[in-house]
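Reviewing the structure listed below.
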Amino acid sequence: MFQRLFGRERHANRAITDALYAQIVAAARQTVFYSHWNVPDTPLGRFEMLSLHMFLFQHRLRRESGVAQEVAQVLIDEFFLDVDHSLRELGIGDVGVPKRMKKLAKMFYGRTAAYDDALERNDVDGLTAALARNVRPDAGTWPEASQLADYVVDARRQLAAQPTESIASGTAAFPLPREAAR
């Protein structure tokens, strides 16, 4: 028991968590989202993209059990710790952070329900509408939403093809957006 709590396994688990979270963040920060697809390069826009990629990761592992389920839970915890830290870096005080965290958590889970529903029904139009509604609520029309929806479908497919053991050991590869692959 002490070896697990204080030994190598704990450090190995932290390394896996750090590696996976870094891959999720890197995927969410791909330049094409902001430069070509007009995702707002703002704290909220970055939250939307990180939420989307965290959803894709969670979606991949949701029916898994054992270590994979533990990894999924640790990563969602890491995500919310990162959001909390980001709020504090933006100057939100200790009193305001819990209120904003509650709002952002509600946003995250609402979005993931909409994205999950659309993916489960293979409804690319519904996914496109949900992305537009969430990522660019201020835009009357957002033509690039369909490109982002295509990316989400590709990412889902690519993550599904990766062995669970590979993901649970620290490797989750997201695709390059089609625009960036050219």
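Positions are given from 1, in the same order as the sequence printed here. All values reported here derive from a predicted model rather than from experimental measurement.
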[X] (side chain) donor-acceptor with [Y] (main chain) under 3.5 angstrom:
| X | Y | value |
| --- | --- | --- |
| Glu48 | Pro40 | no |
| Ser35 | Thr31 | yes |
| Arg111 | Leu52 | no |
| Gln30 | Ala27 | yes |
| Ser51 | Phe47 | yes |

Discussion item. According to side chain to side chain donor-acceptor pair (under 3.5 Å), who are the partners of Glu78, at least two apart in sequence or on a separate chain?
Written reply: Arg14
Worksheet item: What residues form a side chain to side chain donor-acceptor pair (under 3.5 Å) with Thr164, not counting sequence neighbours?
Response: Arg60, Glu64
Worksheet item: Would you find more than 12 non-hydrogen atoms of other residues, nucleotides or ligands less than 6.0 Å from Arg100 atom CZ?
Response: no
Indicate if [X] and [Y] have the same hydrophobic cluster label, given that clusters are the connected sets of ILVMFWY residues with side-chain heavy-atom separations under 4.5 angstrom.
| X | Y | answer |
| --- | --- | --- |
| Tyr115 | Leu44 | yes |
| Val32 | Val153 | yes |
| Val74 | Leu61 | no |
| Tyr109 | Phe79 | yes |

Rounded to the nearest 0.5 Å, how far apart are [atom1] of [X] and [atom2] of [Y]?
| X | Y | atom1 | atom2 | result |
| --- | --- | --- | --- | --- |
| Leu127 | Leu148 | CG | CG | 7.5 Å |
| Leu159 | His59 | CG | NE2 | 9.5 Å |
| Glu165 | Thr171 | CD | OG1 | 12.0 Å |
| Arg178 | Asp150 | CZ | CG | 5.0 Å |
| Leu119 | Arg156 | CG | CZ | 5.0 Å |
| Asp77 | Thr17 | CG | OG1 | 9.5 Å |

Worksheet item: Between Trp37 and Tyr151, how do the two ring planes meet: parallel, tilted or perpendicular, split at 30° and 60°?
Response: perpendicular
Which heavy atom in [X] sits nearest to a heavy atom in [Y], and how many Å separate them?
| X | Y | value |
| --- | --- | --- |
| Phe174 | Ala155 | CD2-CB, 4.4 Å |
| Ala173 | Gln23 | N-OE1, 4.4 Å |
| Val71 | Ala168 | CG2-O, 4.1 Å |
| Ala19 | Gly170 | CB-O, 3.8 Å |
| Ile16 | Ser169 | CG1-O, 3.6 Å |

Worksheet item: Is the shortest heavy-atom distance from the side chain of Ile167 to the side chain of Pro163 under 4.5 Å?
Response: no
Worksheet item: Just wondering, do Leu104 and Lys102 contact through their side chains at under 4.5 Å, heavy atoms?
Response: no
Worksheet entry | Residues Leu81, Tyr21; criterion side-chain contact (heavy atoms from CB on, under 4.5 Å); working and verdict | CA-CA 12 Å; Leu81 283 172; Tyr21 195 71; over 6 Å; no
Worksheet item: Hey, mind stepping through Phe57 and Ile76 against side-chain contact (heavy atoms from CB on, under 4.5 Å) and telling me if it holds?
Response: CA-CA 9 Å; Phe57 182 84; Ile76 201 72; over 6 Å; no
Discussion item. My understanding is that only one of Thr128, Leu131, Val124 makes a side-chain contact (heavy atoms from CB on, under 4.5 Å) with Ser146; could you say which?
Written reply: Thr128
Discussion item. Among Glu144, Arg46, Met49, exactly one meets side-chain contact (heavy atoms from CB on, under 4.5 Å) together with Phe33. Which residue is that?
Written reply: Met49
Fill in: Electrostatic pair Glu120:Arg62 at N-O distance under 4.0 angstrom
yes
Fill in: Candidate pair Gln58 and Leu56, rule side-chain contact (heavy atoms from CB on, under 4.5 Å), full reasoning
CA-CA 6 Å; Gln58 296 292 317; Leu56 287 163; over 6 Å; no
Discussion item. Let's go through Asp154 and Gln158 carefully: what are the C-alpha distance in whole Å and the side-chain angles of both, what is the deciding distance for side chain to side chain donor-acceptor pair (under 3.5 Å) to 0.1 Å, and is it a yes or a no?
Written reply: CA-CA 6 Å; Asp154 289 345; Gln158 184 168 326; over 6 Å; no
